[in-house]
Asks: 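Here it is: the structure, laid out below.
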Amino acid sequence: MTVDASAHLAAELIRDEPYYRPVGDEIDLFAAAYAGRLPVMLKGPTGCGKTRFVEHMAWRLKRPLVTVAAHEDLTAADLAGRFLLAPEGTVWHDGPLTAAVRLGAICYLDEIVEARQDTTVVIHPLTDARRALPLDKKGELVPAHPDFQLTISYNPGYQSAVKDLKESTKQRFVAIEFDYPEPAIEAEIVMREAGVAAALAGGLVDVGLRSRNLRGDGLAEGASTRMLIHAAKLVRGGAPLDAALRSAILLPITDEPDLREALAAAIAASLPEAARL
Amino acid sequence: MIADAPTLEAPVGAHRAALTRLLAGRADVGEALSAALARLDARWSAEETEVWASGALGLVHANAGGRCLAAYFRLSASAREQEAAALAADARGAAEVARHAGSAAALAVLEAMPAALLRLPDAGARAFWWRGLVRLAREASDGVAPLAAHAHAVLAAGGGPAFESFVAAGLRATGGSRARRTAFFALEDPAARRLLERAGGALGFEDLERRLKLFGRALWGVAPRLAGLEGAGLAPAPQRASIAGELIRLPHVYRGVPPARVPPLYRAALAHAQAHLVFGRRQKVGKIRPLQIAMTGLIEDARVEALAIRRFPGLRALWTPWHEARPGDAMTAPMLMARLARALLDPDYEDPDGFVEKGRRLFAEADGRLDDPLLSRAIGGLLGNDIGQMRLRFDLKAYVVEPLYRDDNLALWEFDEPPDERADEIEQAVDAARPTPEERDDGRPSDEAPEPEAGRARPVSADERGPVVAVYPEWDRAAGAERPGWTTVRDAPAPHGDAAALEAALQRRHGFSERIARLVKGARIGKAARLRRQPEGFDLDLDAAVDAAIALRTGDLPDERIHRASGKRARDVATVILLDISESTRDRVGGATVLEIETLAVAALARAMEAAGDAFAVRAFASCGRDDVRLFRLKDFADRFDRDAMARLAGLRSGLSTRLGAALRHAGAEVEAVRAHRKLVIALTDGEPSDIDVADPLDLVEDARRATLSLRRRGVDVFGVTLGGAPSGAVFGRANTIPVKKLEELPARVSELYFRLARL
């Protein structure tokens with residue numbers, strides 16, 4: 001017996017347009033990939049808008065979105081489903097992936113490398129010509145709904161060599177690369193997301209650039225757009241600029257004293273009033 | 001005992017009598033002795049003179065030679081208000097120097113004494129002086145004479161204590177090289193001069209270099225090329241930054257700046273120099289008067305700063321605090337120029353002077369075309385004329401750019417032919433503009449004598465120094481790049497020592513080994529894992545729960561283990577323990593040498609790891625130049641830690657230098673080859689890398705830091721147990737540095753180490 005997943009998934013249909021500011025041709029690319037039902041890999045640093053982009057595309061393509069945040073304890077059963085007990089006996093319960101496959105949703109596996117490699121293999125039959133999900137415990141082969149599509153996100157930056165995708169997994173995807181947008185566009189995003197004035201947003205983006213200059217030299221990643229939005233929201237909530245920058249950027253981003261001091265000084269230099277950091 | 005040396009019980013006057021008898025008829029010293037005795041008799045009692053004479057006798061018996069004795073007698077005669085005991089101590093020190101380094105060295109020291117005494121006010125300060133000299137005489141006798149000749153400069157840096165630590169640092173920094181040592185103690189080695197400049201403990205360029213590079217890179221996106229600025233010869237280091245090509249050279253220290261203001265000052269200097277590099281352009285000097293050169297530089301400074309402030313508004317706040325010129329200052333050309341410099345930067349600054357007003361106005365009018373480099377020359381020329389008409393004296397040679405953070409502006413000009421007075425400075429600037437000294441092109445450091453076989457492609461063969469195990473790169477701090485194939489690690493035979501004695505020493509430390517064994521055994525090092533089908537846990541294991549429920553319903557006996565828990569799997573760790581056995585491990589820390597503490601600690605640790613069943617290897621290292629990093633294999637992964645291994649551990653002797661980076665790289669490579677979940681390198685060291693062919697120990701510190709970082713990236717955790725000395729997080733990072741001052745502290749520190757491991 002099968003639990004009807006459609007009622008559950010209807011709630012996943014995104015009704016209001018999620019704000020997304022296109023940077024390049026990523027919307028067209030994704031639409032083209034979706035038209036061919038090709039699996040997509042979104043590559044890029046943390047907090048640059050990958051998840052928001054998928055939400056936006058699901059809304060644009062009018063498909064339900066099933067998001068699974070991968071973690072190291074995620075098992076194949078957590079994705080595909082398992083038998084549960086009901087008063088009348090055992091009942092199969094579809095996992096989020098199976099539900100998306102049946103219903104024709106976009107399934108988004110966030111930070112896929114966090115999952116164990118043997119878990120990742122479960123998606124292989126879905127991402128080649130077979131387009132089917134075998135449920136071995138149940139003895140069922142679920143053919144993918146014509147509208148089903150798989151998207152994963154992958155941040156090559158911070159994972160160690162231990163945590164990398166298998167070659168056989170990587171090569172199943174078309175990739176779209178993301179990075180932090182141009183300053184003007186990023187300022188527009190910060191303004192819109194945090195509801196702050198253009199001047200403040202521009203200043204914050206400049207702060208972000210200072211930290212991104214140090215990428216690879218002590219910092220694994222510069223301050224993300226998300227961090228800048230956080231800082232802007234703190235200011236909007238009444239925090240002084242220097243305190244907001246300290247809490248939203250400087251303290252989270254590094255624990256190394258040399259680096260923190262240098263970054264604080266560079267940030268202070270790029271702000272009009274000498275913010276004490 | 002020498003026959004005519006009187007004993008302490010001898011009657012008063014016996015020493016004196018012996019002294020006069022021994023030197024009777026010696027034309028070279030007789031006169032000086034009688035002169036000294038005449039002076040001393042006038043001042044002292046017979047008992048005091050006797051104390052002095054006993055010291056002088058020691059100098060006679062050390063065969064110090066007539067000139068030495070005469071110098072000592074002259075010193076005694078001229079010394080004012082000296083205590084007899086202090087002078088006798090001087091004689092004993094000089095005798096010791098003569099014994100180890102010869103009478104010429106002792107003579108040099110005695111001749112330097114009158115000047116040195118001005119900086120050595122009391123017997124305590126003099127004790128430092130003699131301790132340093134005697135140590136030098138014993139360990140590197142050829143360094144005594146050069147040091148004596150420059151003693152005043154060393155003492156000027158901080159008196160007796162600075163003198164003694166300078167000797168210690170010199171011995172460490174120069175290793176066994178005689179030429180390097182002579183250069184160091186004659187203060188010809190830049191490292192020696194830097195050491196003196198920083199003797200007061202001030203923060204200097206070296207301390208801030210990394211922060212500055214990060215700061216510069218954060219601002220402009222490219223890491224600035226930085227170097228410290230040396231003074232020429234014995235001259236003190238310049239106090240203004242200097243730009244040459246892309247290279248920004250900053251003073252090693254800014255003297256007289258309060259410590260808290262030093263980091264902002266360096267940042268201000270760097271930001272100013274970078275503004276020149278980003279917005280400036282060199283100009284031909286042509287026909288221009290000295291005042292106009294200076295004024296053009298001043299306007300150019302203001303121009304590039306204004307442009308930089310447009311980009312980074314906060315820079316103004318970095319620069320303004322250093323401008324201190326005020327209207328009340330004396331009316332000299334430099335003062336007036338300093339006021340103008342302030343007026344052009346600081347909009348809040350008010351100055352009624354007409355000249356300053358005019359400068360401000362001209363500069364403000366040019367606001368729209370600030371990006372034109374010729375602007376500075378136009379305005380500078382006009383204002384230079386004005387100052388000239390004010391009949392204020394101006395001397396370009398003596399002129400120093402104000403304020404402190406600005407650079408010397410030499411980089412602004414292309415001189416048709418270098419004016420004489422600045423020729424050598426320009427030469428220096430040109431030298432510095434070359435990316436690296438030419439000799440570096442083939443991978444050889446410039447300060448090394450050319451060897452025919454040196455270079456990258458040099459065949460590395462087994463020779464009498466032991467078979468080559470591996471070749472590793474080394475970080476070149478000046479060039480900011482790795483030199484490939486730079487260090488050669490060789491296998492060195494580990495001699496057997498007295499295992500029983502080490503065993504006994506371990507037994508004597510009651511409870512010490514047991515505590516370590518308990519800690520190692522109890523450590524939770526292993527892969528974190530979610531454990532399924534557990535009898536208890538934080539969550540239901542769904543699959544197990546379903547199975548159990550099915551079993552219940554079908555009348556079977558259910559398995560009650562239906563929970564999930566998180567825990568550590570079996571320990572799975574491989575460790576290389578690395579012992580530093582360089583010369584400096586001979587130093588004593590609380591009654592035992594560093595090496596003794598190291599061997600005891602390793603013996604206890606190894607025993608404990610053996611009992612816990614962990615895979616580990618033990619290596620010791622010492623180096624003698626980059627071609628000969630010796631590695632002593634005390635225990636391999638495959639071996640047991642048995643009596644043989646104990647004997648090898650007991651057989652270690654201190655000697656040679658510490659090329660820590662190469663040893664870390666090798667230990668890392670060895671542990672990487674082992675299959676394990678956690679891989680560790682635990683280095684026991686006194687934490688001061690150095691080697692005979694490296695002038696600046698900081699180069700090796702940076703190299704070791706790089707080695708640590710690269711291992712960490714590859715999943716090998718590196719911990720440094722630093723014994724004695726000041727713990728420094730420079731190599732291993734603060735969190736991974738475990739300072740141990742006494743052996744007794746070790747168990748507590750080991751527990752910390754394992755605590756960190758369990759958390760990681």
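A note on names: the letters A, B, ... follow the listed sequences, proteins ahead of strands, and every chain is numbered from 1. Because the structure is a prediction, the values reported are computed rather than measured. All values below come from the heavy atoms of this structure, side chains included, with hydrogens, waters and symmetry mates left out.
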Asks: Using non-hydrogen atoms and a 4.5 Å limit, figure out which bit of Asp255(A) sits close to chain B: side chain, backbone, both or neither.
Replies: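 For Asp255(A), there is no contact with chain B at all, as no heavy atom is under 4.5 Å.
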Asks: Could you tell me which non-hydrogen atom of Asn213(A) sits nearest to which non-hydrogen atom of Arg217(B), and how far apart they are?
Replies: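 Scanning both residues completely, I find the closest heavy atoms to be O-NE, 2.8 Å.
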Asks: List the atom of Leu214(A), the atom of Leu214(B), and the distance in Å for their closest heavy-atom pair.
Replies: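 Leu214(A) and Leu214(B) have their closest heavy atoms at CD2-O, 3.3 Å.
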Asks: side-chain contact (heavy atoms from CB on, under 4.5 Å), that's the test. Do Asp543(B) and Lys137(A) meet it? Break it down for me.
Replies: CA-CA 12 Å; Asp543(B) 296 319; Lys137(A) 273 192 189 156; 3.9 Å; yes
Asks: In terms of side-chain geometry, is the basic nitrogen of Glu261(A) or Arg267(B) positioned less than 4.0 Å from the acidic oxygen of its partner?
Replies: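 A salt bridge is present here (some side-chain N lies under 4.0 Å from a carboxylate O).
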Asks: Around atom CZ of Arg215(A), are there more than 12 heavy atoms of other residues, nucleotides or ligands at under 6.0 Å?
Replies: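 Check passes, neighbour count above 12.
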Asks: Quick check: does any side chain N or O of Arg211(B) sit under 3.5 Å from a backbone N or O of Asp258(A), one acting as donor and the other as acceptor?
Replies: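 Between the backbone of Asp258(A) and the side chain of Arg211(B) there is no qualifying donor-acceptor contact (under 3.5 Å).
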Asks: Which answer fits Pro263(B), side chain, backbone, both or neither, if we ask what part of it has an atom under 4.5 Å from a heavy atom of chain A?
Replies: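 The answer is the side chain of Pro263(B).
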Asks: Closest approach of Leu219(B) and Ala266(A), non-hydrogen atoms and distance?
Replies: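 Distance-wise, the nearest heavy atoms are CD2-O, 3.8 Å.
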Asks: How close do Phe312(B) and Ser270(A) get, heavy atom to heavy atom, and via which atoms?
Replies: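 Taking Phe312(B) first and Ser270(A) second, the nearest heavy atoms are CD2-CB, 3.5 Å.
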Asks: Please step through side-chain contact (heavy atoms from CB on, under 4.5 Å) for the pair Arg82(A) and Leu542(B), ending with a clear verdict.
Replies: CA-CA 9 Å; Arg82(A) 55 164 55 91; Leu542(B) 269 186; 3.6 Å; yes
Asks: Counting heavy atoms not belonging to Arg561(B), are there more than 12 under 6.0 Å from its CZ?
Replies: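 Open: at most 12 neighbouring heavy atoms sit under 6.0 Å from CZ of Arg561(B).
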Asks: Could you look at Arg316(B) and say if it's the side chain, the backbone, both or neither that has a heavy atom under 4.5 Å from chain A?
Replies: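 The answer is neither part of Arg316(B).
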